[in-house]
Asks: 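This structure is in structure tokens; I'll ask about it shortly.
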Amino acid sequence: MLDTTNKSNTASSDSPLSPLIHKRIYDDLAGKITRGEIAYLEQLPVLPELCGIYDASHVTVRRALESLERDGFIRRQRGRGKGTFAIRRSSKATIRLLFVGEAEVLRSPVELCHEIFDLMAGIREAAALQNASVHTVSPTSFDSISASDADKRAVGYIILAMDWAGYCEGVQMAMRHGAPYVLVNPPLPGYPSVRVDMEEAAFLAVQHLAQLGHQRIAYVGSNGGEWFAPRWDGYRRALASHGLDFDPALFHDSDGATSQQDEQALESLLALSSPPTAVFAASDYRALHLLNHCRRLGIQVPDDLSLCGYDNIGETADVNPALTTVHHPRLEQGKEAVSLLLDLMNEGRSDVLDRQIRPHIVVRESCAPLKTRSLIVP
């Protein structure tokens, strides 16, 4: 707890010594928070009290607080429950990323994919701010990890799998060590988890196309499995909400691994007697395959065909035309997973165990209002 003994505030305005005073305040508060002298979520004294404690001006103290907030030591909350709170935990926690099933990223190039890369970047960034270390583990290396940790609360697991069986296996493994855990994107609620609402994301994409006047909206991508069934459901829900009939001819399954399936899907769609005027691709990779093939076929995007992807990977902003897509917030998801896990590790509970992160659409140049007559000739 911070010593709130009042001192005279002789530094009522900034002076040449202000940078040194700012550093002294920063170092003192950061040290107390790190050592646990100011407890996690403890409220700091209000600004006038801090000015008295450190014999500093309001400007200098505010500058120190801004630096502490930037570096993840405090959070300044406005509105109801307003105040300044310590948010860095003093204990040295260990976060283990457990990849189960097809997510054996330690031995495959899939870690380079944006899904894993962004998620792990968010986890590591949030862990660093909370003074926690991060280690990756897989089922093959799990049995070699000691289960006799001195403090069970000091170790927790973030579990990522490709199917429900994998999540169940991961939960059982974490429970063998008696450690708390958080699941990332599980297909079912009821467990400590952080999920992106993938159905809502697809709904936003197709809704955007429908609001531009498109009525023949195709879907290219898988419609099954834990990852893509929600996107398919969002597509169907958006059609229904705008009074558009579902036409099975506008669905083409594609695994997105190579461009051939997506190219064949596009050619089949354009050969229909009533071809689509817009396409929702269930991933940005599929959308980029379609965009490239449109160029080869002389199809103008978006004049002839509007195109929307899903994920918001970096390449979508760099192509011509820039791709409209849905932002799947994996970086934010990684940060939220760390926050939930550390809540469970430090307090043993959390008010919200199943946390959902809302996606949003990123409107760029690849979508345009429907023309009265498409330039595509079947």
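Just so it is clear, the values below take in all heavy atoms, side chains as well, and ignore hydrogens, waters and symmetry mates.
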Asks: Does Arg358 make a cation-pi contact with Phe203, if we ask for NZ or CZ under 6.0 Å from the ring centre and within 45° of the axis?
Replies: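 Here Arg358 fails the 6.0 Å and 45° test against Phe203.
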
Asks: Tell me if the centroids of the rings in Tyr219 and His252 come within less than 6.0 Å of each other.
Replies: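 Between His252 and Tyr219, which both carry aromatic rings, the centre distance is not below 6.0 Å.
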
Asks: Could you tell me whether the side chain of Asn185 reaches within less than 4.5 Å of the side chain of His328, counting heavy atoms only?
Replies: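 Touching, per the 4.5 Å side-chain cut-off.
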
Asks: How many angstroms lie between NE2 in His327 and CD1 in Ile313, if you round to the nearest 0.5 Å?
Replies: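 It is 12.5 Å, given to the nearest 0.5 Å.
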
Asks: Could you give the distance from NE2 (His135) to CG (Leu97), rounded to the nearest 0.5 Å?
Replies: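 Reported value, rounded in 0.5 Å steps: 9.5 Å.
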
Asks: Taking all heavy atoms of Ala322 and all of Ala317, pick out the closest pair and write down the distance.
Replies: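 Residues Ala322 and Ala317, closest heavy atoms: CB-O, 4.0 Å.
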
Asks: Any side-chain heavy atom of Cys308 within less than 4.5 Å of one from Val279?
Replies: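 They are not in side-chain contact.
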
Asks: Are any of the side-chain nitrogens in Arg75 or Glu69 under 4.0 Å away from the carboxylate oxygens of its partner?
Replies: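 Glu69 and Arg75: not salt-bridged.
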
Asks: Any side-chain donor-acceptor pair under 3.5 Å between Thr325 and Asp284?
Replies: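 The answer is yes; a qualifying pair exists.
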
Asks: Is it true that Phe246 and Trp232 have ring centroids separated by less than 6.0 Å?
Replies: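 Under 6.0 Å, so yes.
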
Asks: Would Asp311 and Tyr285 count as having a side-chain donor-acceptor pair, cut-off 3.5 Å?
Replies: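 No, no side-chain donor-acceptor pair sits under 3.5 Å.
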
Asks: Search all heavy atoms of Leu244 against all heavy atoms of Ala210 and return the closest pair with its distance.
Replies: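 Residues Leu244 and Ala210, closest heavy atoms: CD1-CB, 4.3 Å.
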
Asks: For His214 and Ser306, what are the C-alpha separation, side-chain angles and deciding distance, and is it a side-chain contact (heavy atoms from CB on, under 4.5 Å)?
Replies: CA-CA 9 Å; His214 296 281; Ser306 286; 3.3 Å; yes

Asks: What I'd like to find out is whether the side chain of His360 reaches to under 4.5 Å of the side chain of Pro329, using heavy atoms alone.
Replies: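 They are not in contact (no side-chain heavy atoms under 4.5 Å apart), so the answer is no.
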
Asks: Looking at Gly298 and Asp304, what are the two nearest heavy atoms and their distance?
Replies: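 Minimum heavy-atom separation between Gly298 and Asp304: O-OD2, 4.1 Å.
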
Asks: If I take atom OG1 from residue Thr84 and atom CG from residue Leu68, how far apart are they, to the nearest 0.5 angstrom?
Replies: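 Thr84 OG1 to Leu68 CG: 10.0 Å, rounded to 0.5 Å.
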
Asks: Are more than 12 heavy atoms, taken from residues, nucleotides or ligands other than Arg295, located less than 6.0 Å from that residue's CZ atom?
Replies: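 Result for CZ/Arg295: enclosed.
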
Asks: Ala205 and Val326: which non-hydrogen atoms are nearest, and at how many Å?
Replies: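 Reported closest heavy-atom pair: CB-CG2, 3.5 Å.
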
Asks: Can the ring centres of Trp164 and Tyr191 be said to be less than 6.0 Å apart?
Replies: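 Centroid distance Trp164-Tyr191: below 6.0 Å, so yes.
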
Asks: Verify the distance criterion only: is there a donor paired with an acceptor across the side chains of Thr60 and Arg63 at less than 3.5 Å?
Replies: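 No, no side-chain donor-acceptor pair sits under 3.5 Å.
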
Asks: In terms of hydrophobic clustering (I, L, V, M, F, W, Y; side-chain heavy atoms under 4.5 Å; direct or indirect links), are Val196 and Val362 co-clustered?
Replies: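 Per the 4.5 Å side-chain linkage, Val196 and Val362 are not co-clustered.
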
Asks: Evaluate the side-chain proximity of Leu29 to Ile25: yes if any heavy-atom separation is below 4.5 Å, no if none is.
Replies: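 They are in side-chain contact.
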
Asks: Are Asp354 and Ser193 close enough that a side-chain donor and a side-chain acceptor fall under 3.5 Å?
Replies: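 There is such a pair between these side chains.
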
Asks: Would you indicate whether the side-chain heavy atoms of Phe280 and Leu307 approach each other to under 4.5 Å?
Replies: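 No, their side chains stay 4.5 Å or more apart.
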
Asks: Kindly give the heavy-atom pair with the smallest separation between Leu204 and Pro359, and that separation in Å.
Replies: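 For Leu204 and Pro359, the tightest heavy-atom pair comes out as CD1-O, 3.8 Å.
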
Asks: Can you tell me if Glu336 uses its side chain to pair, donor with acceptor, with the backbone of Ile357 under 3.5 Å?
Replies: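 No, the answer is negative, given that no donor and acceptor are paired below the 3.5 Å cut-off.
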
Asks: Applying side-chain contact (heavy atoms from CB on, under 4.5 Å) to Tyr167 and Leu160, what does each step give before you reach the verdict?
Replies: CA-CA 7 Å; Tyr167 283 109; Leu160 179 66; 4.0 Å; yes

Asks: Out of curiosity, Leu297 CG to Glu263 CD, how far, rounded to the nearest 0.5 Å?
Replies: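 The distance works out to 8.5 Å.
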
Asks: Decide whether Leu331 and Val338 are clustered together by the hydrophobic rule: side chain heavy atoms of Ile, Leu, Val, Met, Phe, Trp, Tyr closer than 4.5 Å, transitively.
Replies: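 Per the 4.5 Å side-chain linkage, Leu331 and Val338 are not co-clustered.
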
Asks: Backbone N or O of Met173 within a donor-acceptor pair of the His177 side chain at under 3.5 Å?
Replies: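 No.
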
Asks: Can you find a pair of side-chain heavy atoms, one from Tyr181 and one from Ile158, that are under 4.5 Å apart?
Replies: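 Contact flag for Tyr181/Ile158 side chains = no.
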
Asks: For residues Pro321 and Leu291, determine if any side-chain heavy atom of one lies less than 4.5 Å from a side-chain heavy atom of the other.
Replies: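 Of all side-chain heavy-atom pairs linking Leu291 with Pro321, at least one is under 4.5 Å.
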
Asks: Please test Leu47 against His58 for side-chain contact (heavy atoms from CB on, under 4.5 Å), starting from the C-alpha separation and ending with a verdict.
Replies: CA-CA 7 Å; Leu47 182 62; His58 284 205; 3.9 Å; yes

Asks: Hydrophobic clustering (ILVMFWY, side-chain heavy atoms < 4.5 Å, transitive) - are Leu212 and Ile361 grouped together?
Replies: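 No, because Ile361 and Leu212 fall into different hydrophobic clusters, even though each may have its own neighbours under 4.5 Å.
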
Asks: Is it the case that Arg231 places NZ or CZ above or below the six-membered ring of Tyr310, under 6.0 angstrom from the centre and within 45 degrees of the axis?
Replies: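 Judged by the rule, Arg231 and Tyr310 form a cation-pi pair.
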
Asks: Let me check something: do Met175 and Leu98 share a hydrophobic cluster, defined by ILVMFWY side-chain heavy atoms less than 4.5 Å apart, either directly or through other members?
Replies: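 Same cluster.
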
Asks: Between CD of Glu66 and CZ of Arg62, what distance do you get to the nearest 0.5 Å?
Replies: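 If we round to the nearest 0.5 Å, Glu66:CD and Arg62:CZ are 8.5 Å apart.
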
Asks: Of all the heavy-atom pairs spanning Leu272 and Ala249, show the shortest one and how long it is.
Replies: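 Distance-wise, the nearest heavy atoms are CD1-O, 3.8 Å.
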
Asks: Checking salt bridge (charged side-chain N to carboxylate O under 4.0 Å, His left out) for the pair Arg237/Asp233: CA distance, chi angles, key distance, verdict?
Replies: CA-CA 6 Å; Arg237 180 163 64 90; Asp233 291 341; over 6 Å; no

Asks: Test Thr94 against Val134 for side-chain contact (heavy atoms from CB on, under 4.5 Å), laying out the working first.
Replies: CA-CA 6 Å; Thr94 297; Val134 179; over 6 Å; no

Asks: Would you tell me whether Tyr54 and Asp28 have side-chain atoms, one donor and one acceptor, within less than 3.5 Å of each other?
Replies: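 Yes, side-chain donor-acceptor contact under 3.5 Å.
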
Asks: Surrounding CD of Gln215 (heavy atoms of other residues, nucleotides or ligands, distance under 6.0 Å), is the total greater than 12?
Replies: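 No.
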
Asks: So do Arg195 and Arg355 actually touch side chain to side chain, heavy atoms under 4.5 Å?
Replies: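 No, too far: nothing below the 4.5 Å cut-off.
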
Asks: With side-chain hydrogen bond (donor to acceptor under 3.5 Å, both in side chains) as the test, would you mind laying out the steps for Asn223 and Tyr235 before giving the verdict?
Replies: CA-CA 10 Å; Asn223 65 348; Tyr235 165 77; over 6 Å; no

Asks: Looking only at side-chain N and O atoms, does His208 offer a donor or acceptor that is under 3.5 Å from a partner on Thr324?
Replies: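 The criterion, which ignores hydrogens and geometry beyond distance, is not satisfied for His208 and Thr324.
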
Asks: Strictly below 4.0 Å, N to O, side chains only: are Asp55 and Arg24 in salt-bridge contact?
Replies: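 Looking at Arg24 together with Asp55, the answer is no, because their closest N to O distance does not fall below 4.0 Å.
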
Asks: Is the closest side-chain donor-acceptor distance between His289 and Ser254 under 3.5 Å?
Replies: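 Side chains of His289 and Ser254: no pair found under 3.5 Å.
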
Asks: Show every salt bridge (Lys or Arg N to Asp or Glu O under 4.0 Å) that has at least one partner inside residues 205-217, sequence neighbours left out.
Replies: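 Non-adjacent pairs meeting salt bridge (Lys or Arg N to Asp or Glu O under 4.0 Å): Arg216-Asp247.
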
Asks: For Asn312, is there any backbone N or O sitting under 3.5 Å from a side-chain donor or acceptor partner on Thr316?
Replies: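 Checked: no pair found.
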
Asks: Between atom CG of Asn292 and atom CG of Leu266, what is the distance when rounded to the nearest 0.5 Å?
Replies: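 If I round to the nearest 0.5 Å, the distance is 11.0 Å.
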
